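Below is one structure, written out as structure tokens; comments come after it.
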2 protein chains.
Amino acid sequence: MKSKSTSELKATIHKVEEICKSNKLGLTEIRRQVFEIIIKNNKPVKAYEILDKISNINNKPSHPPTVYRAIDFLIENGFVHKLNSINSFVGCFHPKAHKECYFLICKKCNIYQECCDDSLKDRISKTAIHNNFVISNTTLEIEGHCLDCSQK
Amino acid sequence: MKSKSTSELKATIHKVEEICKSNKLGLTEIRRQVFEIIIKNNKPVKAYEILDKISNINNKPSHPPTVYRAIDFLIENGFVHKLNSINSFVGCFHPKAHKECYFLICKKCNIYQECCDDSLKDRISKTAIHNNFVISNTTLEIEGHCLDCSQK
DNA sequence: ATAATTTATGTTATGTTATAACATTACAAT
DNA sequence: ATTGTAATGTTATAACATAACATAAATTAT
């Protein structure tokens, strides 16, 4: 899978800033740092990796709650997502555009891909309705191999 | 959501026994105990809950590896599934009938429902193909409220 | 039968992921 | 100035999971 371009990255960071500004969400220094660490990585990042990076950036040890709080903020506002199957976090490249987001995760190169297929969303929705079930959130994580890696 | 009947339960346990017998899989005492704990519960069970129950049953303390090994065996053979979004395990009521299994999990009553909808499976499959992606395993966990709980 | 091999379990320790609880700071509103 | 609120710092620990090595039990080969 290909990783994101610098311009996409910039645009996404900018969009998050805009969303925060217009919704009066405090995008504090730490929250911004954590977001940038996550979004700039094209692979899922673990909380304790973020912790190390934050500690390095600021030249002082940070603690788990600091990181988890920032992550919570970012998830709540749809700027990052958690991949439950691998206890890792990924940035969202179309923040606020959708609540749910599905993922393809390559086991080999570890690069992930967001995939917000409407027909898939519909299908899940129909399945829920068919079971008289009201969805509050959906975890869909597809693990496997991307084109590049399956060709190697 | 309604919980499973005793006869369904018996049938499932019997089926697992048969599968083990015909495939020469060692359904040892511990593995059987862990399986029964998981399948008899109509809610997802946590590993350390199983640990407590096993310790009680056998009147001696068990240790985490014992439980996790049994769980691994049961997952490998498709007798139980892990719900990554809540770090819990659930029994499978149609072992070996399918590799993938999707879940509806009620946040209120905590009862889960397996849902092996073929059209959903197809849709996921198509999404993967469309992204040139080869699936090895899929996590689909839909959290929300079941009919009973959303009416309350 | 018995030695060798494999499969499963016991045991200790530790690694990894996440949160509770309470103190402190920063900044805004009255 | 004082109170309120939102965010962060700090310590400790809870919750989830596995590594590594020892032992035992079952299987197979001789």
Side-chain angles (χ1 to χ4, degrees), chain A residues 16-17 20-21 23-38 43-77 79-90 110 139 141, chain B residues 16-17 20-21 23-35 37-38 41 43-77 79-90 110 139 141:
Chain A
V16 163
E17 288 167 346
C20 286
K21 197 175 286 176
N23 292 72
K24 307 205 175 185
L25 300 170
L27 185 61
T28 62
E29 188 54 24
I30 283 181
R31 288 169 177 175
R32 164 189 285 281
Q33 284 175 2
V34 171
F35 179 65
E36 292 203 3
I37 288 168
I38 294 173
K43 301 178 183 183
V45 200
K46 304 212 151 238
Y48 278 71
E49 286 172 23
I50 298 170
L51 184 56
D52 287 346
K53 293 186 187 205
I54 285 288
S55 298
N56 278 325
I57 290 171
N58 300 313
N59 275 311
K60 62 172 183 182
S62 282
H63 307 284
T66 303
V67 168
Y68 281 104
R69 282 168 187 151
I71 290 172
D72 286 347
F73 168 86
L74 297 168
I75 289 177
E76 257 163 37
N77 295 295
F79 305 148
V80 315
H81 300 284
K82 176 172 185 182
L83 301 186
N84 288 307
S85 57
I86 53 173
N87 295 323
S88 300
F89 304 90
V90 295
N110 232 295
T139 296
E141 296 161 22
Chain B
V16 163
E17 288 168 345
C20 286
K21 198 175 286 177
N23 292 73
K24 309 206 174 184
L25 300 169
L27 185 61
T28 61
E29 188 54 24
I30 285 180
R31 288 168 178 176
R32 164 189 286 280
Q33 285 175 359
V34 171
F35 179 65
I37 288 168
I38 295 174
N41 216 53
K43 301 177 183 183
V45 200
K46 302 209 155 241
Y48 278 68
E49 285 172 25
I50 297 170
L51 184 58
D52 287 346
K53 293 187 186 203
I54 286 287
S55 298
N56 278 326
I57 290 171
N58 300 314
N59 275 311
K60 60 172 183 182
S62 282
H63 307 284
T66 302
V67 167
Y68 281 105
R69 281 168 187 151
I71 291 172
D72 286 347
F73 168 86
L74 297 168
I75 289 177
E76 257 162 37
N77 295 296
F79 306 148
V80 315
H81 300 284
K82 176 171 186 182
L83 300 186
N84 288 307
S85 57
I86 53 174
N87 295 323
S88 301
F89 303 90
V90 295
N110 233 296
T139 296
E141 296 160 23

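Heavy-atom basis, side chains included; hydrogens, waters and symmetry copies ignored. Remember, it's a predicted structure, so these values are computed and weren't measured experimentally.
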With a 4.5 Å limit on heavy-atom distance, are the side chains of [X] and [Y] in contact?
{"X": "Val34(A)", "Y": "Val80(A)", "result": "no"}
{"X": "Lys82(A)", "Y": "Val90(A)", "result": "no"}
{"X": "Ile75(A)", "Y": "Phe89(A)", "result": "yes"}
{"X": "Leu25(B)", "Y": "Asn77(B)", "result": "yes"}

inquiry  = Does Tyr48(A) reach a base, just sugar-phosphate, or nothing at all? Heavy atoms under 4.0 Å.
reply    = base
message = Students often get this wrong, so: under 4.0 angstrom with heavy atoms, is Lys82(A) touching a base, only sugar-phosphate, or nothing?
response = sugar-phosphate
Value in whole Å for how far the [atom2] atom of [N] lies from [atom1] of [X]:
{"X": "Glu76(B)", "N": "dA8(C)", "atom1": "CD", "atom2": "C1'", "value": "13 Å"}
{"X": "Asn77(B)", "N": "dA8(C)", "atom1": "CG", "atom2": "P", "value": "10 Å"}
{"X": "His63(B)", "N": "dT14(C)", "atom1": "NE2", "atom2": "P", "value": "16 Å"}
{"X": "Asn87(A)", "N": "dG15(C)", "atom1": "CG", "atom2": "C1'", "value": "13 Å"}

ask   = OP1 or OP2 of dT7(C) sitting under 4.0 Å from any side-chain N/O of Arg69(B)?
value = no
message = On the nucleotide dA8(C), are OP1 or OP2 found under 4.0 Å from the side-chain N or O atoms that Thr28(B) carries?
response = no
key: Charged N-O contact under 4.0 Å between Glu36(A) and Arg32(A)   = yes
Given DNA chain D, 5'-ward residue of the pair Lys60(A) and Ile86(B), judged by closest heavy atom = Lys60(A)
inquiry  = Please identify the 5'-most and 3'-most nucleotides of DNA chain D with any atom under 4.0 angstrom from a heavy atom of chain A.
reply    = dA7(D) to dT11(D)
key: Asn58(A) and Gln33(A): side chain donor to acceptor below 3.5 Å   = yes
inquiry  = Taking the nucleotide of DNA chain C with the nearest heavy atom to each, does Ser62(B) or Pro64(A) sit closer to the 5' end?
reply    = Ser62(B)
